[in-house]
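Computed from heavy atoms alone, side chains included, the values below leave out hydrogens, waters and symmetry copies. Counting starts at 1 for both ligands and their atoms, in listed order. Because the structure is a prediction, the values reported are computed rather than measured.
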Amino acid sequence: MRVLMTGAAGGVATMLRPLLAGLYDEVVLSDRQAPEALASHERFVAADLADPASLAAACAGIDGIIHLGGHSVEGEWQAIHSANIVGCWNLFEAARDAGVQRVVFASSNHAVGFYRRRDRIGVDEPVRPDSRYGVSKAFGEAVGSFFADKFGLRVLSIRIGNVGTVPLDRRRLSIWIHPEDLLALIRIGLEHPELHQAIVYGESKNERSWWDNRTAYRLGYEPKHRAEDHVELALAAQAKLPPDPIGDLFQGGTFCAAEFAGDLKRTSS
Ligand code: 15L
């Protein structure tokens, strides 16, 4: 199997690359700039999500795509629109044109960030984006669903929490995912024989989880890492942070607090 990873110079890709060694025949890395230190199973193809011709070249001969590329935090609408709306569409179109069978889409918890921390949500609740970035991730999930139903691609959208070797603070104890667990979900997207299209939460085995991740478990997900194993570290880091009267109420944290001019009473459920 030949796999294309977009956004290959970014932080999440850098954590995943060594874990992909030995799993696939070839991993094609694409980004605007080359990532560092290519391994023998890796090949770099320069591609820009705004440039369909470069995406066509990156998708040639590919069986499955891990789409990490795009704008990965909140930003100006122009930047989000270009990378995550037009760019995401271009990526799926290039995949279809090239006959790529599968796409794993890196969605985000920020597609549902305006749910309260006291809520427990699955993947059937309406999206509740907390940022332009979150809106673009909800859009990407919809594009994935469309390309699966209309054109037969197999698509897994992973609403990634926060990727790292340890959870960074109290919020991340609920949404953290270790890179090895993220890889396990990605492998479901690239390999599960019965996948059509699905949305799952990208989290490890987190006792403080806000999410019902039964879709992932039904697809065979078995997370190995527990956020609670790092609870002291996370809470010590939390103690150094100032309280955030808006962000602390919502799953999306600071993404909700930024620019907030809403009515808390009307966002209570
Ligand atoms: C994300 O989607 C971002 O890509 C990442 O930088 C973090 O902000 C993460 O969410 C988070 O919510 O912690």
Side-chain angles (χ1 to χ4, degrees), residues 5-16 31 49 66-77 79-85 87-88 91 104-117 119 121 123 127-144 156-179 181-183 185-186 199-204 206 208-211 213 225 227 230-231 233-235 237-238 240-242 244 246-260:
M5 183 191 276
T6 69
V12 174
T14 304
M15 290 185 254
L16 289 171
D31 211 314
L49 293 169
I66 308 168
H67 180 39
L68 303 174
H71 202 86
S72 65
V73 288
E74 179 59 319
E76 296 292 328
W77 174 242
I80 299 284
H81 178 261
S82 151
N84 293 10
I85 303 288
C88 176
L91 186 277
V104 177
F105 171 60
S107 184
S108 167
N109 70 90
H110 296 289
V112 287
F114 259 123
Y115 282 97
R116 295 272 181 151
R117 295 188 184 188
D119 295 331
I121 55 169
V123 292
V127 292
R128 212 155 174 189
D130 59 21
S131 48
R132 298 162 190 81
Y133 167 69
V135 169
S136 75
K137 291 301 182 179
F139 170 82
E141 292 176 358
V143 174
L156 186 69
S157 291
I158 307 175
R159 282 183 187 161
I160 299 173
N162 188 263
V163 193
T165 49
V166 292
L168 297 173
D169 53 24
R170 186 188 293 115
R171 174 174 167 269
R172 270 54 170 262
L173 285 169
S174 298
I175 68 165
W176 172 68
I177 185 163
H178 189 282
D181 289 338
L182 179 57
L183 176 71
L185 285 171
I186 288 170
I199 298 171
V200 296
Y201 285 96
E203 61 168 341
S204 285
N206 299 339
R208 303 176 192 223
S209 174
W210 298 316
W211 304 325
N213 211 10
H225 296 270
H230 310 279
V231 66
L233 193 81
L235 293 182
Q238 181 69 40
K240 295 186 187 135
L241 297 173
D244 180 344
I246 304 294
D248 290 347
L249 297 173
F250 296 104
Q251 297 188 7
T254 55
F255 282 59
C256 299
E259 303 173 70
F260 185 81

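Less than 4.0 angstrom separates some heavy atom of His110 from each of these atoms of ligand 1: 1 (C), 2 (O), 9 (C), 10 (O), 11 (C), 12 (O). Ligand 1 places these atoms under 4.0 Å from at least one heavy atom of Asn162: 7 (C), 9 (C), 11 (C), 13 (O). Residue-ligand proximity, Asn109 to ligand 1, at heavy-atom distances under 4.0 Å covers atoms 10 (O), 11 (C), 12 (O). Proximity to Ser108 (heavy-atom distance under 4.0 Å) selects the following atoms of ligand 1: 1 (C), 2 (O). Counting the atoms of ligand 1 from 1 in the order shown, those under 4.0 Å from a heavy atom of Phe255 are 8 (O).
Distance check, rounded to the nearest 0.5 Å: OG of Ser157 to CG of Leu185 gives 12.0 Å. Taking CZ of Arg170 as the reference point, atom CD1 of Ile175 lies at 13.5 Å (rounded to 0.5 Å).
For Arg208, the salt bridge (charged side-chain N to carboxylate O under 4.0 Å, His left out) criterion is met by Glu228, not counting sequence neighbours. Listed by chain and number, the residues in a side-chain hydrogen bond (donor to acceptor under 3.5 Å, both in side chains) with Asn206 amount to none (sequence neighbours excluded).
Cation-pi contact between Arg128 and Tyr115: present, with separation from the ring centre below 6.0 Å and deviation from the ring axis of at most 45°.
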>> Let's go through Trp210 and Glu203 carefully: what are the C-alpha distance in whole Å and the side-chain angles of both, what is the deciding distance for side-chain hydrogen bond (donor to acceptor under 3.5 Å, both in side chains) to 0.1 Å, and is it a yes or a no?
In response: CA-CA 10 Å; Trp210 298 316; Glu203 61 168 341; over 6 Å; no
>> Could you go through His178 and His230, starting from their C-alpha distance and side-chain angles, then the distance that decides it, and tell me whether this counts as side-chain contact (heavy atoms from CB on, under 4.5 Å)?
In response: CA-CA 12 Å; His178 189 282; His230 310 279; over 6 Å; no
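Shortest contact from atom 6 (O) of ligand 1 to any protein heavy atom: Val73 CG1, 3.7 Å. Annotation: atom 5 (C) of ligand 1 to nearest protein heavy atom, Ser72 O, 4.2 Å.
Using a non-hydrogen distance threshold of 4.0 Å, Arg172 registers as a contact of ligand 1. By the 4.0 Å heavy-atom criterion, Gly161 is counted among the residues contacting ligand 1.
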